[in-house]
Amino acid sequence: STRVVVLLSGTGSNLAALLAAHADPAYGARVVGVVSDKPDAGGLVLAREAGVATVVVRPGDFDDRAAWDAALAEAVGVFRPSLVVSAGFMRLLGAPFLARWGGRVINTHPALLPSFPGAHGVRDALAHGVKVTGCTVHLIDAGVDTGPIIAQRAVEVRDDDDEARLHERIKTVERELLVDVVGRVAREGLSVDGRRVRIGSGG
Ligand code: GAR
């Protein structure tokens, strides 16, 4: 099955959903490693409990951004993945990382891109007053949440929502979408035609 490395900085609820899915061999994808920029990320505990190897690559341990980026690329490479999933990884992946892994990295974002990119997608959507938001799974490119979109799901905003409550509802949908996309990409491949991405016949 397709070897997947998950990048994360936080709780890891998306990772948990992937770990639940990969228990079924028919899923087609297997999380073989988890890499984090934060030693205290909750997702690392979930990974270890599931017997998945973890690596922490802290920016503070490197002279500059490019060195960290190269170390991150190297740490991922140890697991020989064919797919890298950024699931709550709160740092940009720079040129040295993308030179090696570009085209094989997908990200999940808690808004309907291209609206509300960046670190506060839920807060920004709420502040803008949108009535519908959602989540996006996309390929990572050099920009901030600008890569070609693979799949999206909509979530309605309620009058009494605050950021935490709305984010929780988005995350419920988001992990389902991510599990679905990772499994289908693993089994069917991706075909990319400019910005138009579809799952299937991509090898
Ligand atoms: C997810 O909602 C993910 O989309 C978001 O962080 C959350 C991580 O949750 N990522 C971003 O906002 C990236 N800009 P998790 O740690 O429970 O999987």
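Atoms within a ligand are numbered from 1 in the order they appear, just like the ligands themselves. All values below were derived from every heavy atom in this structure, side-chain atoms included, with hydrogens, water molecules and symmetry-related copies excluded. Since the structure is predicted, the reported quantities are computational estimates derived from the model, not experimental observations.
Near ligand 1, heavy-atom contacts under 4.0 Å come from Gly10, Thr11, Gly12, Ser13, Asn14, Gly88, Met90, Thr108, His109, Pro110, Gly118, His167, Lys171, Glu174.
Arg65 CZ: more than 12 foreign heavy atoms inside a 6.0 Å radius.
Residues in residues 20-30 take part in no side-chain hydrogen bond (donor to acceptor under 3.5 Å, both in side chains) pair, two or more places apart or across chains. For residues 124-178, the set of pairs meeting the ring-ring contact (aromatic ring centres under 6.0 Å, His included) definition, not counting sequence neighbours, comprises Phe116-His128. The list of side-chain hydrogen bond (donor to acceptor under 3.5 Å, both in side chains) pairs with a residue in residues 83-94, not counting sequence neighbours, reads Asp37-Arg91, Ser86-Asn107.
Using a distance-only test at 3.5 Å, with no hydrogens or angles considered, a donor-acceptor pair links the side chain of Arg104 to the main chain of Arg100.
In this structure, CG on Leu7 lies 5.0 Å from CZ on Phe97, to the nearest 0.5 angstrom.
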